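Comments concern the structure below.
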Amino acid sequence: MSMKKSLIFIFISAIILSTILSCPVSATYNSLTDTLDLHSENYFLMSLDNGTVIFESNADKQLPPASLTKIVTAAVVLENCEDLSTVVSAPEYCINMLAGTGSSTAGISAGEELTVDSLLHCLLIESANDAALILADYFGQGDIDTFIGMMNNCAKKLGCKNTNFVNPHGLDDDYQFSTPRDVAKLFQHALSFAAFKDIVGLSRYTVPATNMRNERIIINTNKILNTAYKDYYCKYVTGGKTGSTSKAGKCVCTVSSNNGYNYICVVMNAPQYNIDDDSAEENCAFVDTKTMVNWAIKNLELVKIADSTTIAAEVPVKLSRSADYVTLAPAEDKYELVPSGTDSGNVIIEPQKDSLPLSLTAPVKKGDVICKASVLYGGESIAEIDLVATNDISKSIILTILNALGRIFSSLPMKILGLLLLIVIIGTLALILKAYIKKRKSEELHIVTYNDFKK
């Protein structure tokens, strides 16, 4: 058996087993995560091409985001910056705010002048907290709290319902939190800025000389981009942002691409421990990201799972002489990520019972949405689609009139009125019959008189 067929067989077996033993899950391929030997409990992998969620676990759990915070810091800066070559002087109070924290910085001095571009590189590559504060001060017009408000507004506009920021760098705070799903939304938004996409894809960068320092090289904290780290390096990952604190654990958000397929992967609060019996402890956020991305790239392909020309169901139609049934088909062609080698024979379109009507009443117009349907692969729903009528069905006037009369006379008031009318008719007929009988009897009765005897 070929490797591709083996993977498909394993996948189908896992799907069927999970369907029997567990409840349905919202992510398309969650049933496979047990076979991937993941170490993290909080992750989210989605397709950037059509939004399909491949894997998720605790995707809506509020967690400390650590330096993943800097994703939205950079996004807000890029939303409000007209010229990345703008020179910013580092305020002394921003430098002093980090005193004693032992946090990651770019070693920027008070009064040092850097361009916004240089600060963004320090922020995203070196994960520098001083760069975050300097940018927040500058674009908050001297008020970091104003900038934090801009960060929260950005998150809100993107639909991040479980996210809140109280600082621009990500140091632990009980009121600073996000989720794997929300971080993916923030990262996707940030990737819409070319500068952000370029910066997070660099493994290293040379920071130009400033008024206080010569040029220097900074190394990306995202070791998944670095070929020197064989346990972490993934050739499909084209960029990302890391985060790490004692409370947040190991965090990373990445974008990956291959042959036109693009994914965002978020791992939060991952452990760090020795997973392969060597002399070093592994960052499990990096390890799990590599595992999930490799699986998606190697095993999934975009396939047409619903064809708008294929009949999926039929529903009886009332009050029409032209047809007894209306046929239903997908509203549009639907493409989905499925295991390589899948064809249409592996996919089933099943109308959802709670939305499928028992019958329809004419007229029906072609394209009318009739019900929802689930697209099933291996017994598991991988998409939801609309089913529409495939043709026009006209209404019969005669059948409509007869149906209306039938409804009228089948109503309770009409039944009572009919009963009363029947009683009146029967009573009237009884009186008529009684009068008729009396008349006949009077005609048949012969009265004998005195004159009859005289005769």
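Being a predicted model, the structure only gives us computed values, none of them experimental.
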Would you compute the distance between atom [atom1] of [X] and atom [atom2] of [Y] and round it to the nearest 0.5 angstrom?
{"X": "E92", "Y": "I95", "atom1": "CD", "atom2": "CD1", "result": "9.0 Å"}
{"X": "N42", "Y": "D288", "atom1": "CG", "atom2": "CG", "result": "10.5 Å"}
{"X": "C94", "Y": "I134", "atom1": "SG", "atom2": "CD1", "result": "6.0 Å"}
{"X": "L78", "Y": "F139", "atom1": "CG", "atom2": "CZ", "result": "8.0 Å"}
{"X": "L376", "Y": "E350", "atom1": "CG", "atom2": "CD", "result": "5.0 Å"}
{"X": "I348", "Y": "I382", "atom1": "CD1", "atom2": "CD1", "result": "10.5 Å"}

Mind listing the closest non-hydrogen atom pair of [X] and [Y] along with its distance?
{"X": "Q176", "Y": "P65", "value": "O-CD, 3.7 Å"}
{"X": "C371", "Y": "L356", "value": "SG-CD1, 3.7 Å"}
{"X": "A184", "Y": "M46", "value": "CB-SD, 4.3 Å"}
{"X": "D277", "Y": "N274", "value": "N-OD1, 2.8 Å"}
{"X": "E126", "Y": "A106", "value": "OE1-CB, 3.5 Å"}
{"X": "I349", "Y": "P330", "value": "CD1-CG, 3.9 Å"}

Report yes if some heavy atom in the side chain of [X] is under 4.5 Å from a heavy atom in the side chain of [Y]; otherwise report no.
{"X": "Y273", "Y": "E282", "value": "no"}
{"X": "I275", "Y": "C284", "value": "yes"}
{"X": "K372", "Y": "D386", "value": "yes"}
{"X": "F44", "Y": "M268", "value": "no"}
{"X": "P168", "Y": "L135", "value": "no"}
{"X": "Y29", "Y": "L300", "value": "yes"}
{"X": "W295", "Y": "L36", "value": "yes"}
{"X": "V364", "Y": "D392", "value": "no"}

Counting N and O atoms only, with roles assigned by atom type, does the side chain of [X] sit under 3.5 Å from a partner on the main chain of [Y], one being a donor and the other an acceptor?
{"X": "D368", "Y": "K365", "result": "yes"}
{"X": "T390", "Y": "T327", "result": "yes"}
{"X": "Y232", "Y": "N283", "result": "yes"}
{"X": "T105", "Y": "G107", "result": "yes"}
{"X": "K290", "Y": "Y233", "result": "yes"}
{"X": "N167", "Y": "L171", "result": "yes"}
{"X": "S322", "Y": "I393", "result": "no"}
{"X": "D130", "Y": "I108", "result": "yes"}
{"X": "T291", "Y": "V287", "result": "yes"}
{"X": "K70", "Y": "H169", "result": "yes"}

Give the table of side-chain donor-acceptor pairs shorter than 3.5 Å for residues 144-165, with sequence neighbours excluded, one pair per line with atom names and distance.
| from | atom 1 | to | atom 2 | distance (Å) |
| --- | --- | --- | --- | --- |
| T146 | OG1 | D143 | OD2 | 3.1 |
| N152 | OD1 | F165 | N | 2.9 |
| N152 | ND2 | I148 | O | 3.3 |
| N152 | ND2 | F165 | O | 3.1 |
| N153 | ND2 | G149 | O | 3.3 |
| T163 | OG1 | S178 | OG | 2.7 |
| T163 | OG1 | D182 | OD2 | 2.8 |
| N164 | ND2 | Y175 | O | 2.8 |

Test side-chain contact (heavy atoms from CB on, under 4.5 Å) on Y263 and L45; report intermediate values, then the result. CA-CA 7 Å; Y263 299 92; L45 174 66; 3.9 Å; yes
Considering residues at least two apart in sequence or located in another chain, which fulfil the salt bridge (charged side-chain N to carboxylate O under 4.0 Å, His left out) criterion with D37?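 Checked D37 against salt bridge (charged side-chain N to carboxylate O under 4.0 Å, His left out); zero matches.
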Using the rule given for side-chain contact (heavy atoms from CB on, under 4.5 Å), can you reason through T289 versus C234, listing the C-alpha separation, both sets of side-chain angles and the distance that settles it, and then say yes or no? CA-CA 9 Å; T289 295; C234 179; over 6 Å; no
Distance-only polar pair, side chains of [X] and [Y], donor-acceptor under 3.5 Å:
{"X": "Q352", "Y": "S374", "answer": "yes"}
{"X": "T52", "Y": "E336", "answer": "yes"}
{"X": "S127", "Y": "S67", "answer": "yes"}
{"X": "T242", "Y": "N222", "answer": "no"}
{"X": "N129", "Y": "S103", "answer": "yes"}
{"X": "N50", "Y": "S47", "answer": "yes"}

Can you give the donor-acceptor pairs under 3.5 Å from side chains of residues 249-257 to other protein atoms, not counting sequence neighbours?
| from | atom 1 | to | atom 2 | distance (Å) |
| --- | --- | --- | --- | --- |
| K250 | NZ | S244 | OG | 3.1 |
| K250 | NZ | Q272 | OE1 | 3.3 |
| S257 | OG | N262 | OD1 | 2.6 |

Let's go through D174 and K247 carefully: what are the C-alpha distance in whole Å and the side-chain angles of both, what is the deciding distance for salt bridge (charged side-chain N to carboxylate O under 4.0 Å, His left out) to 0.1 Å, and is it a yes or a no? CA-CA 10 Å; D174 289 343; K247 185 177 179 180; 2.7 Å; yes
Criterion side chain to side chain donor-acceptor pair (under 3.5 Å) on E112 and T210, from CA distance to verdict: CA-CA 7 Å; E112 187 170 357; T210 70; 2.8 Å; yes
Using a 3.5 Å cut-off and no angle test, enumerate the donor-acceptor pairs between side-chain atoms of residues 187-207 and protein atoms at least two apart in sequence or in another chain.
| from | atom 1 | to | atom 2 | distance (Å) |
| --- | --- | --- | --- | --- |
| H189 | NE2 | E79 | OE2 | 2.6 |
| S192 | OG | H189 | O | 2.5 |

Does atom [atom1] ([X]) have a neighbourhood of more than 12 heavy atoms from anything else shown, all under 6.0 Å?
{"X": "E332", "atom1": "CD", "answer": "no"}
{"X": "N214", "atom1": "CG", "answer": "no"}
{"X": "E41", "atom1": "CD", "answer": "no"}
{"X": "Y325", "atom1": "OH", "answer": "no"}

Do any side-chain atoms of residues 308-318 form donor-acceptor pairs under 3.5 angstrom with protein atoms, and if so which ones, sequence neighbours left out?
| from | atom 1 | to | atom 2 | distance (Å) |
| --- | --- | --- | --- | --- |
| S308 | OG | D333 | OD1 | 3.1 |
| T309 | OG1 | D307 | OD1 | 2.7 |

Output a table of donor-acceptor pairs, distance under 3.5 Å, between side-chain atoms of residues 116-124 and any protein atom two or more places apart or on a different chain; print 'none' if there are none.
| from | atom 1 | to | atom 2 | distance (Å) |
| --- | --- | --- | --- | --- |
| S118 | OG | T115 | OG1 | 3.1 |
| H121 | ND1 | D117 | O | 2.8 |

Given the rule in the side-chain contact (heavy atoms from CB on, under 4.5 Å) test, do V388 and L328 qualify, once you have shown the distances and angles that lead to the verdict? CA-CA 5 Å; V388 299; L328 309 181; over 6 Å; no
Applying side-chain contact (heavy atoms from CB on, under 4.5 Å) to Y335 and D49, what does each step give before you reach the verdict? CA-CA 10 Å; Y335 292 82; D49 306 311; over 6 Å; no
